[in-house]
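Since we're looking at a predicted model, the values are computed, not measured. Only this structure's heavy atoms are used, side chains among them; waters, hydrogens and symmetry mates stay out. Numbers restart at 1 for each chain; the letters A, B, ... are given by sequence-line order, proteins then strands.
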2 protein chains.
Amino acid sequence: MVDHSQLTEAEYLAQYNVQDFDAPLCTVDVVPFRFHNHRLQVLTCLRHQHPAKEQWALPGGFIDISQDDNLDTTAQRKLAAKIGTEAPYLEQVQTVGNQQRDPRGWSITVVYYALFPGSAANQVLLPDTRWLTLQGNTVGQLLAFDHNQLISVALERLQNKVQYTSLPVYLLPECFTLADISDVFLAILGKTPPMRSIRNRFLNEDLLEDTGEKRYGSNRPATLYRLKKTAVAQFYNRLYHTTQ
Amino acid sequence: MVDHSQLTEAEYLAQYNVQDFDAPLCTVDVVPFRFHNHRLQVLTCLRHQHPAKEQWALPGGFIDISQDDNLDTTAQRKLAAKIGTEAPYLEQVQTVGNQQRDPRGWSITVVYYALFPGSAANQVLLPDTRWLTLQGNTVGQLLAFDHNQLISVALERLQNKVQYTSLPVYLLPECFTLADISDVFLAILGKTPPMRSIRNRFLNEDLLEDTGEKRYGSNRPATLYRLKKTAVAQFYNRLYHTTQ
DNA sequence: TAAATAGTGTCTATGAGACAATATCCG
DNA sequence: CGGATATTGTCTCATAGACACTATTTA
């Protein structure tokens with residue numbers, strides 16, 4: 001190897017080769033959540049290449065250093081390749097790295113999660129792409145690599161975050177009722193805060209607007225709301241007690 | 001390149017070479033905070049190698065795939081190399097990756113922050129290692145790479161987190177007063193919650209114990225507390241209003 | 001005793017939560 | 001009307017926060 005103690009930075013960079021060093025593999029994986037039939041689901045794809053060939057895995061893969069501006073771009077590109085629509089909510093959760101998680105050797109993955117509206121239900125899926133229903137902390141089947149654990153990590157973040165944000169609305173279609181929000185809490189946390197508390201929080205000036213429409217059943221019809229055009233994710237400064 | 005569509009996974013792995021692909025550089029950087037002389041400070045080190053030679057930088061560097069079990073290990077090793085003692089609190093914040101942050105090309109860094117007790121003040125530092133005082137969102141001098149921004153990212157997380165956790169105690173020496181906690185809030189947030197609120201929160205069964213000692217000044221002496229041996233980081237379920 | 005900071009008592013504000021009461025639909 | 005779910009009213013509880021008051025030291 002070159003002795004570069006005497007080089008200028010330009011000379012150093014000219015002789016520098018990334019591949020001279022043992023580096024970990026580096027990927028981005030996204031946990032795409034949706035709320036469908038009163039359950040939380042995660043999108044997975046069947047792998048056609050080694051390793052973990054013919055196993056189901058989260059959307060994700062290598063950073064394309066010639067195309068991707070930054071890690072968020074990579075995450076969005078991986079999502080776009082599997083779901084046509086852009087995620088209304090995308091957030092980086094954690095980076096996991098160790099020797100064991102990939103048979104090719106030491107690897108790290110930057111884990112994101114994305115929230116999709118339930119209406120993503122109607123969308124045509126690519127072949128070999130499936131929404132798997134959450135059971136407990138992860139999906140009910142064994143996924144490639146450590147992807148079951150990555151789902152747990154993302155879910156845990158989501159569980160914490162719905163306690164003090166307006167995130168549940170990103171899992172709902174354009175129009176929804178307050179009872180729908182309650183159902184989202186139930187799917188994510190296994191419990192739901194009292195409707196009184198949900199109403200107090202979600203029916204504020206900046207978040208929702210009454211569509212004027214109602215959802216009819218064999219009972220009093222429920223008001224349908226939609227996200228205000230100007231709405232952004234809101235943060236509240238207390239947690240619910242009843243969901244802990 | 002080999003056509004590996006027909007290979008077994010074992011055959012695939014045998015011929016797989018990490019370096020066949022354009023991968024980003026991959027590092028871990030730690031923002032070590034301490035509270036000293038009523039200010040928040042960050043430990044930095046003078047670089048002796050290219051790139052950014054002779055510039056001050058955060059402790060950090062490449063993952064050692066032959067030594068490090070996981071990313072937390074890498075962070076702890078990088079810290080240990082610069083500060084003898086282990087960090088009482090270490091947390092992964094975010095992973096930043098883009099083309100611009102390192103002159104060698106596309107690179108990612110997993111950012112951690114660590115909290116050290118003010119008594120780390122007394123400790124002997126390695127040469128070319130300095131605690132820099134925070135000014136605004138970062139330190140007052142230009143650091144290597146995007147390290148000023150990484151400090152901002154870590155600080156922002158710390159600012160959020162002190163609002164609903166017991167983290168301030170990890171920046172204090174073994175024995176401290178409630179006024180010291182207030183000073184930590186001031187250093188981190190620029191404001192401090194009312195002493196009444198600090199007392200209500202921090203003087204609970206599980207966190208602190210009275211040492212029996214007092215700190216004397218030209219006034220009523222203050223009770224000195226210490227962390228209970230069994231204490232872990234606590235989470236509260238409201239934010240302060242006065243510090244927002 | 002005065003200055004200064006530590007610590008307590010108490011009332012208010014906010015928002016979660018329990019729960020009863022009322023509203024509005026369908027069949 | 002009766003069943004069912006939506007929505008509102010109201011009281012309680014926990015805790016942040018304002019603020020006055022008391023406590024304990026040094027000079």
Set out, in order, the CA-CA distance, both residues' side-chain angles and the distance that settles salt bridge (charged side-chain N to carboxylate O under 4.0 Å, His left out) for B/D210 and B/R226, then state yes or no. CA-CA 7 Å; B/D210 192 330; B/R226 75 165 79 84; over 6 Å; no
Rounded to whole Å, please give me the gap between [atom1] in [X] and [atom2] in [N].
X      : N      : atom1 : atom2 : result
B/F202 : D/dA16 : CZ    : P     : 10 Å
B/R215 : C/dT5  : CZ    : C1'   : 12 Å
B/L178 : D/dT24 : CG    : P     : 17 Å
A/M195 : D/dT8  : CE    : P     : 10 Å
A/N200 : C/dA13 : CG    : P     : 18 Å
B/L203 : C/dT8  : CG    : C1'   : 12 Å
B/D180 : C/dT5  : CG    : P     : 14 Å
A/R199 : D/dT10 : CZ    : P     : 16 Å

Would B/K78 and B/D29 count as a salt bridge (charged side-chain N to carboxylate O under 4.0 Å, His left out) here? Give the steps. CA-CA 8 Å; B/K78 295 295 176 186; B/D29 287 307; over 6 Å; no
Count the heavy atoms of every other residue, nucleotide or ligand shown that sit under 6.0 Å from [atom1] of [X], and state whether that count exceeds 12.
X      : atom1 : value
B/Q141 : CD    : yes
A/R39  : CZ    : no
B/Q149 : CD    : no
B/E156 : CD    : no

What nucleic acid atoms does B/R201 come within less than 4.0 Å of, heavy atoms only: base, sugar-phosphate, or nothing? sugar-phosphate
At under 4.0 Å between heavy atoms, what does B/T223 touch on the DNA or RNA strands: base, sugar-phosphate, or nothing? sugar-phosphate
Centroid-centroid under 6.0 Å between A/Y170 and A/F116 rings: no
Can you list, by residue number, the residues of residues 204-213 of chain B that have a non-hydrogen atom closer than 4.0 angstrom to DNA chain C? none
Residues touching DNA chain C, which here means a heavy atom under 4.0 Å, drawn from residues 231-244 of chain B: none
Taking protein heavy atoms under 4.0 Å as touching, what does nucleotides 19-27 of chain C look like 5' to 3' if B marks base contact, S marks sugar-phosphate-only contact and - marks none? B---BBBS-
Among C/dA16, D/dA6, D/dG17, which nucleotide has an atom closest to any side-chain atom of A/A179? D/dA6
Under 6.0 Å from the ring centre and within 45 degrees of the ring axis: does the NZ or CZ of B/R201 meet both conditions for the six-membered ring of B/Y240? yes
Let me confirm one number: the CZ-CD1 distance from A/F35 to A/I188, rounded to the nearest 0.5 Å. 8.5 Å
Ring-plane angle category for A/Y113 and A/Y89, please: parallel below 30°, perpendicular beyond 60°, tilted otherwise. tilted
Ignoring hydrogens and geometry, is there a side-chain-to-backbone donor-acceptor pair from A/K228 to A/E205 under 3.5 Å? yes
